[in-house]
Each structure stands twice: as C-alpha cells, then as structure tokens.
Amino acid sequence: MPKEGITPRSQDYAQWYLDIVRDADLADYAEVVRGCIVFKPTGFALWEAIQSGLDQRIKATGHQNAYFPLLIPKSFLMKEAEHVEGFAPEVAEVTHAGGEKLAEPYVIRPTSETIIGYFYAKWVRSWRDLPLLINQWANVMRWEMRTRPFLRTTEFLWQEGHTVHVDEADAERETLKILHEVYADFVEKEMALPVIKGIKTDKEKFAGALRSYAIEAMMQDGRALQVGTSHNLGQNFAKAFDITYTDQNNQVQHAWTTSWGVSTRLIGALIMAHSDDEGLVVPPRLAPTQVVVVPIFKTDAERTRVLEAVSRLSADWKGSLRFKVDDREQYSPGYKFNEWELKGVPVRVEIGPKDIEKGTVGVARRDQPGKQGKSFVPQDGLRQRLESLLTEIQQALYDRAFRFREEHTYEASNYDELKQGVEKGFVRGYWAGTREDEDKIQDETGATIRVLPLDQPATAGKCVYTGKPAQKIAVFARAY
RNA sequence: CGGGGAGUGGCUCAGCCUGGUAGAGCACCUGGUUCGGGACCAGGGGGUCGGAGGUUCAAAUCCUCUCUCCCCGACCA
C-alpha cells in the first residue's frame with residue numbers, strides 16, 4: 001500500500017523521487033535562491049553520516065583536512081585552458097563589495113583546483129615536501145541549467161581532495177587508491193550500493209585532467225549516476241600555477257597533482273537506489289537512527305508498564321545501537337508505523353501489553369515494508385537479534401541493488417542492441433570509437449559512455465558502434 | 001537556454017474562462033473519547049491569492065514585466 005502523497009515509482013519515477021525528498025523531510029526548496037535547497041535536519045543527518053564514513057577513510061589513507069577560501073580571483077580560473085572552458089559557463093561572480101566595484105572580480109568556487117594550486121606553489125619546495133595530501137570539506141557553486149534536490153543543486157556540499165606528487169606514477173597510485181579504498185569501499189560497504197569502477201573517456205573527463213576515474217551506480221530506473229570521481233591532473237595545474245619542487249638531483253621539476261570528490265549527490269543516490277513506494281530506505285550502517293521503538297498502550301497503567309519494559313529491554317543498547325523511543329501520545333501506533341517507514345528507519349520494535357505477557361516484541365524490517373517484514377520474537381537476546389538483523393538488512397539491500405543492476409545490464413554486439421539496451425539499463429559493449437562517435441551515440445540514444453571498467457575481459461572483440469577490432473569494454477547508459 | 005505545465009492558509013487543490021468583500025479536504029490548536037498498520041466527535045485559529053506595474057468604480061480573476069518550482073531536451077558532482 002503506497003503511502004499517501006507518494007507517487008508510485010512505476011507511474012512517475014522523477015515525481016516519486018521528489019515526493020520522497022519532501023515527505024521524508026530531507027530538504028526544502030530554497031525558492032528565494034535559484035536552484036538551491038535547504039538541508040533539513042533529517043537530510044543533513046544523512047550527510048553527516050556520509051561525511052563521517054568518508055572522513056575516516058580519507059584520514060586512514062594519510063590525508064589531512066584543511067580549508068581554502070570560497071572566493072577565487074577570476075584570473076586564477078583562466079590559467080588552465082581546458083579548465084576555464086569547462087567551468088566558465090557555470091561560475092557565479094562577485095563584482096561588488098564594500099559598496100564598490102571590485103578591481104578584479106572574484107568567482108565563487110565551482111571547485112578549488114586553482115586557488116589551492118596557488119597555495120601549493122608556495123608550499124612545495126622540495127621532493128621531501130611530497131606527497132602533499134590534503135582534503136577539504138566545503139560548499140561549491142555551479143550555475144546549472146536544471147537542478148534537482150541533492151542530484152544537482154546550484155550550491156552543493158562536498159569534499160575535494162587535492163594532492164601533489166613527485167611523478168606520474170605516484171599521482172596515479174593516489175588517484176586509484178582514492179577510487180578503491182575510499183570511494184568504492186565507502187559506497188559499497190556503508191551505502192550498500194554496488195558500483196562500477198572505471199576510467200572516463202576524453203569526452204567525459206574532468207576539465208583539465210589527464211585522466212578521470214569514476215564510480216558509477218545504477219538507479220532503480222536503470223539510469224546511471226556518477227557517485228564519485230578521482231582525477232589524475234597530470235602536470236596541467238602544476239604548470240599553470242607553477243607548482244615545482246627540487247628533486248634529489250637538485251633539478252627543479254613540475255609536480256603532478258590529483259583531485260577527487262564526492263558530494264551531497266550521494267544522498268540522491270541513496271534515495272534512488274534503495275527507497276520504495278512506502279518512502280525512504282536507509283541502509284543500517286548509515287542510518288542516523290537504526291531502531292525506533294514504538295510503545296503501545298491504552299491506559300495510564302499500561303503506559304507505565306510498557307515504558308518500563310522499554311527501558312529494561314533497551315538498557316544495554318547504548319553504544320551498540322542507534323535508537324530512539326517514540327513515546328509521543330498524540331499519535332496512534334499505526335500512524336507511527338507509517339511515519340517511520342516513510343523516514344526509512346531500518347528496524348522498528350513494537351512493545352505492547354500483549355508482548356509483556358508473552359515475553360515477546362514485534363520487530364519489523366524496513367527493507368520488507370508493511371506487515372510482511374514484521375514478526376514477533378522473544379525478548380531474550382533482543383539486542384543481539386537486532387544487531388544481526390541490521391547486518392542482514394545491510395546485506396539484503398546490497399544484494400537487491402546488485403541483482404537489480406545485473407538484471408538491467410545488457411551485452412551488446414551491435415548498435416541496435418545498444419540502442420535497445422540503454423532504454424532499460426546499462427549496456428556493455430566493446431568500444432573502439434572516436435569522440436565524434438560518442439557524440440553521435442549521445443545524440444541518437446541519450447546515452448553516454450559512463451566508464452571503461454577497470455575490470456576488463458581478457459579477450460578482444462568488435463566495437464559495438466564501428467565494428468572495428470576493440471580491446472576494451474565500455475559501459476553505456478543514460479545518466480543523471 | 002529551447003519546448004510544455006504550475007504558483008491561492010503548513011500540504012493537496014477548487015475558484016479565474018464570464019471582474020463584485022477568498023473556499024474545501026488534510027494538517028494545526030482546545031476539550032473529550034480512542035490507541036497492535038495512517039482514530040473519532042465538537043469547537044477554534046490561520047491566506048491582502050509568488051512579486052512589481054497597468055486597466056477598472058472594483059482584480060485571485062483581464063493586460064505587461066519579473067521571480068520560483070515541476071516535466072522533456074542540451075550542460076554538469
């Protein structure tokens with residue numbers, strides 16, 4: 001039974017997404033500021049959970065956090081040719097301040113390669129200073145034509161890592177380490193979302209990068225969402241900003257830099273990958289609240305007994321479960337069941353007078369909404385049971401998303417099969433085409449090459465578009 | 001930015017065509033009865049109709065401009 005106010009996915013996927021965002025109370029439109037949203041507490045809590053999981057991994061891989069200015073002298077942006085071209089159309093400019101026109105306008109950072117490059121040039125002197133491994137948590141602004149809450153907003157929150165290395169090999173190691181050990185690891189383990197790791201084609205790579213890698217996930221409508229990118233910037237920015245070091249042979253060298261980021265778009269990915277027509281579904285490991293307890297009572301005497309039972313049963317939960325007791329009296333239990341389902345809390349525990357008599361509690365799992373996922377279990381060993389249930393749900397969500405992706409991934413050996421496949425999901429096919437061929441495919445099918453997966457078959461094949469001999473498989477899809 | 005749709009109490013919408021003192025349901029507040037899958041009754045509060053200008057004796061309604069949101073397309077984390 002779909003919730004009131006939620007458009008079923010089958011009817012209108014885009015509207016369903018917006019309904020979830022609104023009804024689960026994640027965000028509000030900042031209608032007075034074009035394309036921006038307010039992260040409401042429930043939505044921001046998801047971002048905090050994401051931040052925490054990523055920040056741990058970023059630090060575990062040797063990086064430190066720092067913070068650079070929001071405003072960037074416009075001239076900085078102009079220094080790297082490809083970068084300017086890529087970002088110029090979407091930057092906002094500050095032209096006036098203090099009641100006067102500024103001699104040189106600032107741009108509001110769309111990304112911080114340039115301003116950070118300026119400082120790195122000052123900080124890096126010797127090979128002993130490298131690698132320089134810094135991350136910043138920040139907001140950025142890109143004046144996009146069309147916005148959607150979380151997926152693409154004018155202002156968004158993200159982390160951007162910026163590192164400096166002695167040579168290409170070290171920069172490349174960094175770029176891939178982030179992709180594997182930080183991004184893919186986090187998204188798959190914490191968000192229960194399987195990803196495809198791969199390299200971007202020139203058409204899709206970051207403006208100013210030598211090579212861009214990305215992780216791509218499939219949403220429930222079969223479209224792809226890029227959820228993280230990691231770029232080997234080569235010496236492009238080092239040359240533009242003169243980031244040099246003296247090597248062991250006393251030679252001055254241009255350094256090699258990388259940058260990598262994930263954003264609040266991950267919240268969008270979370271919604272579109274796991275949620276259902278009943279509302280949001282949050283994987284247990286990420287969930288700000290993992291277990292909600294709904295006490296059930298009629299009389300004051302029952303209320304006292306039930307709440308006592310609740311505190312007795314939950315006495316040993318602190319530290320091992322993130323939980324909340326919903327003892328509001330103005331709402332009926334049924335109302336609360338629906339509300340917590342809508343908000344995506346992974347597990348609900350019900351305790352009423354009948355349970356007290358029988359020594360049981362009701363336990364409902366969010367990944368199986370409604371009564372299907374509800375059962376009554378003994379009070380004994382409840383904490384362990386809940387812990388293992390949370391683990392089970394985490395795995396079930398991953399498995400479900402993985403299975404969905406497999407079922408919506410098609411092998412194509414010719415263009416017709418590619419065209420048909422991208423209507424429904426991902427298409428894998430050999431690729432030996434050009435940039436122009438890619439443009440044409442996008443024009444004709446709406447799909448792009450999401451990545452050339454790092455994981456490649458040993459055998460060669462025939463290009464799905466040109467028919468020429470091809471070494472590599474590409475994944476094609478329509479993307480957000 | 002191109003094509004389409006929409007802005008009216010917190011939410012969903014009616015009223016607009018054919019100008020004449022703003023409505024409904026839900027939500028909210030108070031009281032009572034309820035409470036194991038979105039309870040019920042009674043009473044009550046709340047909107048100068050996205051904004052600006054114009055036409056008119058009179059504008060939610062007609063005209064012009066503008067802002068915002070949604071959908072499709074091109075651009076992007």
Side-chain angles (χ1 to χ4, degrees), chain A residues 1-5 7 12-15 17-19 22-23 25 28-37 85-91 110-111 139-160 183 200 203-204 206-207 212 214-216 225-231 259-269 278-279 294-299 302-303 306 328-342 348-356 358 360-362 364 369-374 376 439 442-443 446 448 478-480:
Chain A
M1 184 65 115
K3 292 279 184 294
E4 280 175 31
T7 308
D12 183 345
Y13 190 79
Q15 188 57 49
Y17 175 80
L18 296 167
D19 289 346
R22 171 170 42 81
D23 291 349
D25 213 24
D28 197 3
Y29 288 104
E31 58 273 271
V32 289
V33 190
R34 182 199 191 112
C36 291
I37 58 169
E85 202 185 324
F87 282 102
E90 53 190 63
V91 296
T111 178
N139 57 342
V140 290
M141 181 163 273
R142 298 181 187 176
W143 215 258
E144 302 288 354
M145 305 215 163
R146 188 174 154 207
T147 58
R148 288 156 68 85
F150 299 119
L151 294 174
R152 190 185 305 102
T153 46
T154 300
E155 179 188 11
F156 58 93
L157 308 181
W158 75 347
Q159 58 68 216
E160 46 179 327
Y183 293 161
K200 289 282 178 184
K203 172 174 160 65
E204 298 286 327
F206 177 74
S212 287
I215 50 174
E216 297 274 336
L225 183 67
Q226 175 177 308
V227 288
T229 47
S230 184
H231 316 289
S259 70
W260 28 275
V262 300
S263 71
T264 37
R265 168 179 277 188
L266 282 173
I267 298 172
E278 311 303 319
V294 178
I296 293 156
F297 49 79
K298 296 191 181 81
T299 62
E302 279 178 353
R303 178 175 187 278
V306 168
R328 293 175 298 173
E329 295 194 34
Q330 67 270 39
Y331 296 108
S332 68
Y335 181 92
K336 293 175 183 176
F337 298 168
N338 280 283
E339 176 170 320
W340 293 113
E341 224 159 53
L342 179 57
R348 184 182 69 245
V349 171
E350 305 170 12
I351 305 177
K354 290 177 208 162
D355 293 302
I356 293 177
K358 291 190 242 168
T360 59
V361 297
K371 288 186 174 174
Q372 304 90 285
K374 180 157 143 181
F376 288 86
D439 288 339
Q442 181 168 12
D443 278 351
T448 49
R478 292 181 175 157
Y480 277 98

Novice: Can you tell me how far P of B:A77 sits from CD of A:E90, to the nearest Å?
Specialist: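 It is 8 Å, rounded to the nearest whole Å.
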
Novice: Say we look at B:U55 and B:U12: how far apart would their P atoms be, to the nearest angstrom?
Specialist: 35 Å

Novice: May I ask you to establish whether A:R148 and A:Y480 are in a cation-pi arrangement, using a distance under 6.0 Å from NZ or CZ to the six-membered ring centre and at most 45° from the ring axis?
Specialist: no

Novice: In whole Å, measure the gap between the P atoms of B:C49 and B:G54 for me.
Specialist: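 B:C49 and B:G54 have their P atoms separated by 16 Å.
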
Novice: Measuring to OP1 and OP2 of B:A77, would you say a side-chain N or O of A:R152 lies under 4.0 angstrom away?
Specialist: no

Novice: Say you pick atom P in B:C13 and the same atom in B:A52; how far apart are they, in whole Å?
Specialist: 24 Å

Novice: So which nucleotide from B:A39, B:A77, B:C70 ends up closest to the side chain of A:S263?
Specialist: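 Of B:A39, B:A77, B:C70, B:A77 is nearest to the side chain of A:S263.
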
Novice: Checking contacts here: which listed nucleotide (B:U68, B:C28, B:C71) is nearest the side-chain heavy atoms of A:Y331?
Specialist: B:C28

Novice: When all nucleic acid strands are considered with a 4.0 Å heavy-atom cut-off, which category describes A:K336: base, sugar-phosphate, or nothing?
Specialist: nothing

Novice: How far, in whole Å, is B:A58 from B:G15 if one measures between their P atoms?
Specialist: 26 Å

Novice: Does the structure show A:W158 stacking with B:A77, if we require the centres to be closer than 5.5 Å and the planes to be within less than 30 degrees of parallel?
Specialist: no

Novice: So what does A:R146 touch, heavy atoms closer than 4.0 Å: a base, only the sugar-phosphate, or nothing?
Specialist: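 Here A:R146 touches the bases of the nucleic acid.
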
Novice: Taking B:C1 as the reference, what is the distance to B:G9 when you measure between their P atoms (whole Å, please)?
Specialist: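 My reading of the P atoms in B:G9 and B:C1 gives 28 Å.
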
Novice: Between B:C63 and B:U56, how far is it from one P atom to the other, in whole Å?
Specialist: 16 Å

Novice: Considering only the C1' atoms, how many Å lie between B:G46 and B:C67, rounded to the nearest integer?
Specialist: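 That atom pair is separated by 26 Å.
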
Novice: Within the 4.0 Å heavy-atom criterion, would you say A:G228 contacts the bases, only the backbone, or no part of the nucleic acid?
Specialist: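 Touches nothing.
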
Novice: Do the side chain of A:E339 and the main chain of A:Y335 share a donor and acceptor less than 3.5 angstrom apart?
Specialist: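 No, A:E339 side chain to A:Y335 backbone: no donor-acceptor pair under 3.5 Å.
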
Novice: Heavy atoms from C-beta onward define the side chain here; which of B:C75, B:G37, B:C70 lies closest to that of A:F337?
Specialist: B:G37

Novice: Give A:R348 one of three labels, base, sugar-phosphate or nothing, depending on what nucleic acid heavy atoms sit under 4.0 Å from its own.
Specialist: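 If one applies the 4.0 Å heavy-atom cut-off, A:R348 turns out to touch a base.
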
Novice: Using heavy-atom distances to pick each residue's nearest nucleotide on RNA chain B, tell me which of A:Q330 and A:I296 is more 5'.
Specialist: A:I296

Novice: Using the C1' atoms only, state how far B:A60 lies from B:G51, rounded to an integer number of Å.
Specialist: 14 Å

Novice: What is the nucleic acid contact for A:T448, judged by heavy atoms within less than 4.0 Å: base, sugar-phosphate only, or nothing?
Specialist: nothing

